[in-house]
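Worksheet: one structure, shown below.
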Amino acid sequence: VVAALQPKTLRGKKVLITAGPTFEPIDPVRGITNLSSGKMGYALARAAREAGADVTLVSGPTALVTPTGVHRIDVQTARQMFDAVMLHASGQDVFIAVAAVADWLVTNASAQKLKKTADGALPHLEFALNPDILAAVAALPGRPYCVGFAAESEELLKHGKAKRERKGIPLLVGNIGHATFGKDENELVLFDENTEVHFPHAHKQLLARQLITEISERIHMDPV
Ligand code: CTP
Ligand code: CA
């Protein structure tokens, strides 16, 4: 299907998306990251743009090309992602949190590269909790319609339902199987307050278009 021919279901709407992994430094040459490739977040940014939205994409480190017409802001750490999102959150109609945000940052990161020592002593990392970006946006007055993502390693249906309620958001999307990272295809389940909608295995760009359709139907039905 040709991109330009997608129905303009989000014309005039502003959509903010996080994508990719975050990177939490340990020292100037090392850090903690995760397996997110950013493919699903970028596919959603492209699909939202095709649907006529004004799209801002806050992206952790990825090897992906910016979708045409999308405003991309690059960040590394969860804290930087939080700051960029909060700076752009006001006036957004939809927020889609696809990024795999590090839950913890390293508080004792070294200003210089850590070196092996003669006695073989091991480095000790200390952690602090990162801010929850999705929860912060969902708590804003006049908040956008908030969509979360979840990759669970077990019991997706149970955890997905509970996570949507805990996060206080209208829609949560579960990746079926945690082996989605880096792949071009995926399989999704959508949890809202009434139903579970299953999107069978397909290319991420196709799933992204289906998800954008679901989101646009929901914001037109029941603006939050
Ligand atoms: N998220 C976020 N900021 C964080 C952590 C998560 O915005 N600091 C968002 C993710 O982008 C995703 C959703 O919250 O849309 C769920 O992330 P997930 O890691 O599954 O949830 P957590 O609440 O961190 O729970 P846990 O990792 O313990 O399962
Ligand atoms: Ca997490």
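Atom set for the values below is all heavy atoms of this structure, side chains included, hydrogens, waters and symmetry mates excluded. Treat the numbers as computed from the prediction; the structure is a model and nothing was measured. Counting starts at 1 for both ligands and their atoms, in listed order.
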Open item on the list: Please classify the N130 to ligand 1 contact at 4.0 Å (heavy-atom distances, strictly less than): side chain, backbone, both or neither.
Closed with: neither
Task: Salt bridge flag under 4.0 Å for residues E165 and K161 - done: no
Open item on the list: For atom 10 (C) of ligand 1, what is the closest protein heavy atom, and at what distance to 0.1 Å?
Closed with: A99 O, 3.5 Å
Task: Ligand-side contact atoms (ligand 1) for residue partner A97, heavy atom cut-off under 4.0 Å - done: 11 (O), 12 (C), 15 (O)
Open item on the list: Given 3.5 Å as the limit, does a donor-acceptor pair link the side chain of K39 with the main chain of L64, or not?
Closed with: no
TODO: Around atom 8 (N) of ligand 1, find the nearest protein heavy atom and jot down its residue, atom name and distance.
DONE: P131 O, 2.8 Å
Open item on the list: Strictly inside 4.0 angstrom of atom 25 (O) of ligand 1, do you find any protein heavy atom?
Closed with: yes
Task: ligand 1 contact by K167, heavy-atom criterion under 4.0 angstrom - done: yes
Open item on the list: Does atom CZ (R11) have a neighbourhood of more than 12 heavy atoms from anything else shown, all under 6.0 Å?
Closed with: no
Task: Heavy-atom pair of closest approach, residues N34 and T22 - done: ND2-N, 4.0 Å
- [ ] Around atom 9 (C) of ligand 1, find the nearest protein heavy atom and jot down its residue, atom name and distance.
- [x] L134 CB, 3.9 Å
- [ ] Return the residue, atom name and 0.1 Å-rounded distance of the protein heavy atom closest to atom 21 (O) of ligand 1.
- [x] K163 NZ, 3.2 Å
- [ ] Decide yes or no for T18 and F95: does some side-chain heavy atom of the first lie under 4.5 Å from some side-chain heavy atom of the second?
- [x] yes
Task: Under 3.5 Å: donor-acceptor pair, side chain of R49, backbone of A53 - done: yes
TODO: Provide the closest heavy-atom pair for P21 versus S36 in the form atom of the first, atom of the second, distance.
DONE: CD-O, 3.4 Å
Open item on the list: Tell me if a side-chain donor or acceptor on R164 pairs with a main-chain N or O of I169 at a distance below 3.5 Å.
Closed with: yes
TODO: Around atom 27 (O) of ligand 1, find the nearest protein heavy atom and jot down its residue, atom name and distance.
DONE: D103 OD2, 3.3 Å
Task: Nearest non-hydrogen protein atom, atom 3 (N) of ligand 1 - done: I133 N, 3.0 Å
Task: Proximal atoms of ligand 1 relative to G148 (non-hydrogen, under 4.0 Å) - done: 15 (O)
Open item on the list: Considering non-hydrogen atoms of the protein only, which is the closest contact for atom 16 (C) of ligand 1, and what is the distance?
Closed with: F149 O, 3.1 Å
